[in-house]
Each structure stands twice: as structure tokens, then as C-alpha cells.
Amino acid sequence: MWSLIIAGGKGERLLPLTANTCKPMVPIAGKPLLHHQTSWLIRNGITDVIFLSGYMAEKIEDYFGDGADFGFNAHYSPEDSPLGRGGAVKQGMKRLPESVGEAIVINGDIITPQNLQPIIALHRETEATATLMLTPYISEFGIVDIDESDSVTGFIEKGQLPFWINAGIYVFQREIQRLLPDIGDHETETFPHLASCHQMRGYRSSAPWVSVDSFKNIAQAEAIINA
């Protein structure tokens, strides 16, 4: 099975770690973030990875080469100019062999141990065009429980809110390629259309998950990796 990793981010909020490399190559627990992602993908049956690269794309190719030393086949789809995430995926999907009908697409800053097989199974069972992993929305702040008489009854530190958010992990049918923008974002241009046509499904995951956008997130990612 094939996967595409959106790996063109600069990671300006992670300076100075990104002063000489791209965001997906930031070290997490001693190895680049993409190293952990590809190891996770291999454990989930992925054989081929297309890196959708942009900023400092050479850092990714210099590290992985053809992928043989890491247990997968590495392919590259670098941007000549910024395409946006949707445009990058559209360009990258053109590199899929004609025999490949579906692919895993992930943001290049996600760490999770979630098993991909139940997400793939839901995707195939429902014959969706796109299936996305959802993760609970955790409050950034402590939550206060209060009753009808305004009496505080308890506290929940960073509790789970009754909402689900996009976890940046997808199963895409090849046919989604024609719906993706040449330049732009799939989340704002393609997903609303698929949702309106009932061609999208969501898999609600309870697995640990973090998007690495800050130094605090790096610590969270390392905790997940070392668990």
C-alpha cells in the first residue's frame, strides 16, 4: 500500500530547531519526525512513501534516499513553487501507479500509534471517497464544573470537549485527485464538497495524538513515542 506525506512545512514556530532544516525533519526522541512517521507506516503495511516536499526538500531526500535502509520505497514530489497542501497532494497522486486505487495521506507533523487497519476497513466498507481520522478536542485550559446554584462542584484539567477534530490522517480514493485544487488547501476546497455529497466518513480515534507545532508538542510527541 502507498502513502503520501505532506512534508513541505517551514516550522517557524519551532525556531531555532528549523533554522537549518524543514519542520518534518525536526528531531523527536533523537530521530527526525518523519523517521517516526515512516516507521509507523511500515508497521501498518505501507510499502511505498511519496514525500510531498517543499521547503528544504533536499534534507528529506538526503536522509531517506531510496528508502531501502529504512524498509520502504521512497519517492519524491517536490514543489517548484508553493502549491498548498491540496495542490501538493494532487501533484503527488500523479506519481501513484495506475494499479493503486487508494492511498494513505498524512500531514508531516503528526505523531500517533493509531492502527490504520480499522480506518481503512471503514473506508472500504462505506465506499467513501475520503475517510479521515478524528481525534477528541481537548481543552487547552482547565474546565470548571458548576451546578444550577452557581456552586463549583469540581475541576477537570484539560478535559475532553464534546467535539471531534481533523487528525490529519486520511484514506483517499484515487478519484479524489480530480477534486483537489491545483493550488490551495484540500480542507477548505475539497472536503466541504465531499461532505455535502455524503462521500466522506470519519473514524473516531481514542489513541494518543499530537500535531507538532511547538516545543511543548515535542515533549508530548516524545511521551507518545516512548510509551
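Note that this is a predicted model, so its numbers are computed, not measured. Only this structure's heavy atoms are used, side chains among them; waters, hydrogens and symmetry mates stay out.
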Answer yes or no: are there more than 12 heavy-atom neighbours, outside [X] itself, under 6.0 Å from its atom [atom1]?
| X | atom1 | result |
| --- | --- | --- |
| Q117 | CD | yes |
| F163 | CZ | no |
| D62 | CG | yes |
| N20 | CG | no |

Under a 3.5 Å distance rule, please check whether [X] uses its side chain to pair with a backbone N or O of [Y] as donor and acceptor.
| X | Y | value |
| --- | --- | --- |
| Q177 | V89 | no |
| W164 | S205 | no |
| T38 | H35 | yes |
| K23 | L14 | no |
| S3 | I46 | no |
| Q37 | N107 | yes |
| S77 | F51 | no |
| H36 | I28 | yes |

Please give me the minimum heavy-atom distance between [X] and [Y], naming the atom from each residue.
| X | Y | result |
| --- | --- | --- |
| A103 | L4 | CB-CD1, 3.7 Å |
| I110 | S211 | CD1-CB, 3.9 Å |
| I146 | T153 | N-OG1, 4.1 Å |
| I5 | G108 | CG2-CA, 3.7 Å |
| L194 | A130 | CD1-CB, 3.8 Å |
| P118 | N115 | CD-O, 3.3 Å |

Do [X] and [Y] come close enough that some side-chain heavy atom pair is under 4.5 Å?
| X | Y | value |
| --- | --- | --- |
| I119 | L122 | no |
| I106 | L41 | yes |
| S206 | P136 | no |
| D48 | V100 | no |
| H186 | V105 | no |

Rounded distance [0.5 Å steps], [atom1] in [X] versus [atom2] in [Y]:
| X | Y | atom1 | atom2 | value |
| --- | --- | --- | --- | --- |
| R174 | L96 | CZ | CG | 5.0 Å |
| T126 | H198 | OG1 | NE2 | 13.5 Å |
| M93 | I50 | CE | CD1 | 8.5 Å |
| N73 | D66 | CG | CG | 8.0 Å |
| S53 | I60 | OG | CD1 | 5.0 Å |
| W209 | L134 | CH2 | CG | 10.5 Å |

Handout entry: Donor on one side chain, acceptor on other, H123 and Q173, under 3.5 Å
Key = yes

Exercise for the section: Using the rule that two of Ile, Leu, Val, Met, Phe, Trp, Tyr join whenever any of their side-chain heavy atoms come within less than 4.5 Å, decide whether W40 and V26 are in one cluster. Expected result: no

Exercise for the section: Following the transitive rule for hydrophobic clusters with a side-chain heavy-atom cut-off under 4.5 Å over Ile, Leu, Val, Met, Phe, Trp and Tyr, establish whether I165 and M133 coincide in one cluster. Expected result: yes

Practice task
Would you confirm whether the ring centroid of Y170 sits within less than 6.0 angstrom of the ring centroid of F191?
Solution key: yes

Handout entry: Output field: ring centroids Y76/F64 closer than 6.0 Å
Key = no

Practice task
Please step through side-chain contact (heavy atoms from CB on, under 4.5 Å) for the pair T18 and M56, ending with a clear verdict.
Solution key: CA-CA 10 Å; T18 52; M56 292 195 180; over 6 Å; no

Practice task
Output yes when E125 and R201 qualify as a salt bridge under the 4.0 Å nitrogen-oxygen rule, no when they do not.
Solution key: no

Exercise for the section: Give the intermediate values and the outcome of side-chain contact (heavy atoms from CB on, under 4.5 Å) for residues I169 and L116. Expected result: CA-CA 9 Å; I169 298 171; L116 288 176; 3.9 Å; yes

